[in-house]
Protein chains: 2
Amino acid sequence: MGNLRNTSQRRVILEELVKLKTHPTANELYEIVRKRIPKISLGTVYRNLELLAESGLIQKLDTAGTQKRFDGMVGDHYHVRCVKCGRVDDLDFPFLNSLNKSASLAGNYKIISHRLEFEGICPECRSQELDGKSYVDHERITG
Amino acid sequence: MGNLRNTSQRRVILEELVKLKTHPTANELYEIVRKRIPKISLGTVYRNLELLAESGLIQKLDTAGTQKRFDGMVGDHYHVRCVKCGRVDDLDFPFLNSLNKSASLAGNYKIISHRLEFEGICPECRSQELDGKSYVDHERITG
DNA sequence: TATTAAAATAGTAACAGTTACTATTAATGG
DNA sequence: CCATTAATAGTAACTGTTACTATTTTAATA
Ligand SMILES: [Mn+2]
Ligand SMILES: [Mn+2]
Ligand SMILES: [Zn+2]
Ligand SMILES: [Zn+2]
């Protein structure tokens with residue numbers, strides 16, 4: 001395969017990432033890996049995430065506007081991002097293979113891929129939002 | 001409307017942005033506006049782009065992985081980004097209104113919006129790529 | 001196993017894009 | 001005009017990321 005050496009740092013980074021259903025940032029993963037390798041450096045995490053993504057073992061998610069996130073699931077799938085707390089979740093949504101073809105016709109680019117990303121409010125933030133609303137209502141009613 | 005004062009800086013920033021078909025970064029627009037207001041500061045450009053986007057007069061494009069770009073066209077439309085040179089173009093592609101509904105069913109988020117972004121190679125970079133290929137072929141044949 | 005060359009590491013500095021701060025200037029409403 | 005207050009220029013600070021470098025570790029070979 002890739003001529004990547006088997007270092008404990010690289011192994012643990014990969015292990016911890018694939019465990020997670022969240023899509024951590026480099027720094028979030030750094031904090032997790034640090035529990036097993038306290039002296040690991042943040043640069044090592046960045047470098048290995050880059051290398052692992054290049055070799056196809058993980059996925060780099062360039063989600064819009066925010067910092068990079070990483071994904072241990074490599075198959076094609078879409079994501080939804082919470083606009084309140086920033087968390088990113090997988091969506092059980094069929095992959096739209098025909099989009100690239102359609103886009104080729106809509107412009108004069110040679111289309112390679114597409115990225116479909118939803119924005120919304122996650123269940124946790126949604127319930128907080130509802131709590132807030134009812135609190136406000138209560139305030140208004142009871143003056 | 002928005003309680004934004006009508007400053008020459010803000011006016012020129014908006015004027016120049018809507019003129020462009022490209023989707024400039026804050027810095028690119030700064031360089032353009034500087035030709036008309038040489039003493040304008042980069043911070044002013046950033047601040048106003050943010051305010052104009054908030055008030056819905058322009059669009060902020062959080063394109064994946066790279067710096068923010070801005071768009072004078074506010075209607076819903078999709079973009080394609082060249083992976084070689086980074087340029088971003090509009091696509092004449094129908095807006096997929098049904099996607100949000102589908103995504104709502106595919107997870108437990110309250111879906112607000114979606115972003116569909118294509119990656120490809122622009123005509124300019126594509127022709128360079130072909131030049132390169134034929135050069136290599138020529139080398140191989142005549143080498 | 002011992003030797004060696006290359007790759008990877010920790011620690012740190014540098015960098016790029018963006019935002020925050022502050023004293024000064026300018027737009028707006030009366 | 002004047003007073004209020006938003007906006008500005010200039011600059012510093014911040015954040016996420018990448019680059020650098022001396023040292024350590026891996027893995028191939030003898
Ligand atoms: Mn995922
Ligand atoms: Mn556009
Ligand atoms: Zn949330
Ligand atoms: Zn290009």
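Here is how names work: the chains are called A, B, and so on, in the same order as the sequence lines, proteins then strands, and each is numbered from 1.
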Of the candidate nucleotides C/dA8, C/dG11, D/dA7, which contains the atom at the shortest distance from the side chain of B/Arg5?
D/dA7
From CD of A/Glu50 over to P of D/dT18, roughly how many Å is that when rounded to an integer?
6 Å
B/His114/B/Tyr78 aromatic ring centres below 6.0 Å
yes
Atom pair distance, as rounded to whole Å: CZ in B/Arg69 and P in C/dT18:
10 Å
Is any side-chain N or O of B/Gln9 closer than 4.0 Å to OP1 or OP2 of C/dA26?
no
OP1, OP2 of C/dT19 versus side-chain N and O of B/Tyr46: anything below 4.0 Å?
no
Could you check A/Lys60 against A/Glu50 for salt bridge (Lys or Arg N to Asp or Glu O under 4.0 Å), going step by step and ending with a plain yes or no?
CA-CA 8 Å; A/Lys60 176 161 56 160; A/Glu50 205 63 40; 2.5 Å; yes
Between CD1 of A/Ile13 and C1' of C/dA10 the distance, given in whole Å, is 13 Å
Within less than 4.0 Å of OP1 or OP2 of C/dT19, is there a side-chain N or O belonging to B/Lys68?
yes
So, is A/Thr7 near the phosphate of C/dT9, with a side-chain N or O under 4.0 Å from OP1 or OP2?
yes
Whole-Å distance separating the CG atom of A/Asn3 from the P atom of D/dT26
17 Å
A/Arg34 atom CZ is separated from C/dG11 atom C1', nearest whole Å, by 13 Å
So do the side chains of A/Tyr46 and A/Asn48 get within less than 4.5 Å of each other, counting heavy atoms only?
no
Among D/dA9, C/dG17, C/dA6, find the nucleotide with the atom closest to the side chain of B/Gln67.
C/dG17
With sugar-phosphate meaning primed atoms plus P, OP1 and OP2, does A/Asn27 contact a base, only sugar-phosphate, or nothing at under 4.0 Å between heavy atoms?
nothing
Whole-Å distance between C/dA26 C1' and B/Arg10 CZ?
12 Å
Run the numbers on A/Asp89 and A/Arg87 for salt bridge (Lys or Arg N to Asp or Glu O under 4.0 Å), then give the verdict.
CA-CA 7 Å; A/Asp89 277 297; A/Arg87 106 177 239 178; 2.7 Å; yes
Students often get this wrong, so: under 4.0 angstrom with heavy atoms, is A/Asn48 touching a base, only sugar-phosphate, or nothing?
sugar-phosphate
Side-chain N or O of A/Thr44 less than 4.0 angstrom from OP1 or OP2 on C/dA10?
yes
Between C/dT19 and B/Arg47, is there an OP1 or OP2 to side-chain N/O distance shorter than 4.0 Å?
no
Atom CG of B/Leu29 to atom C1' of C/dG17: distance rounded to whole Å?
15 Å
Just how far, in rounded Å, is P of C/dT9 from CD1 of A/Ile40?
7 Å
Between B/Ser8 and A/Ser8, which residue's closest nucleotide on DNA chain C lies nearer the 5′ terminus?
A/Ser8
Rounded to the nearest 0.5 Å, what separation is found between the CG atom of B/Leu116 and the CG atom of B/Leu91?
8.5 Å
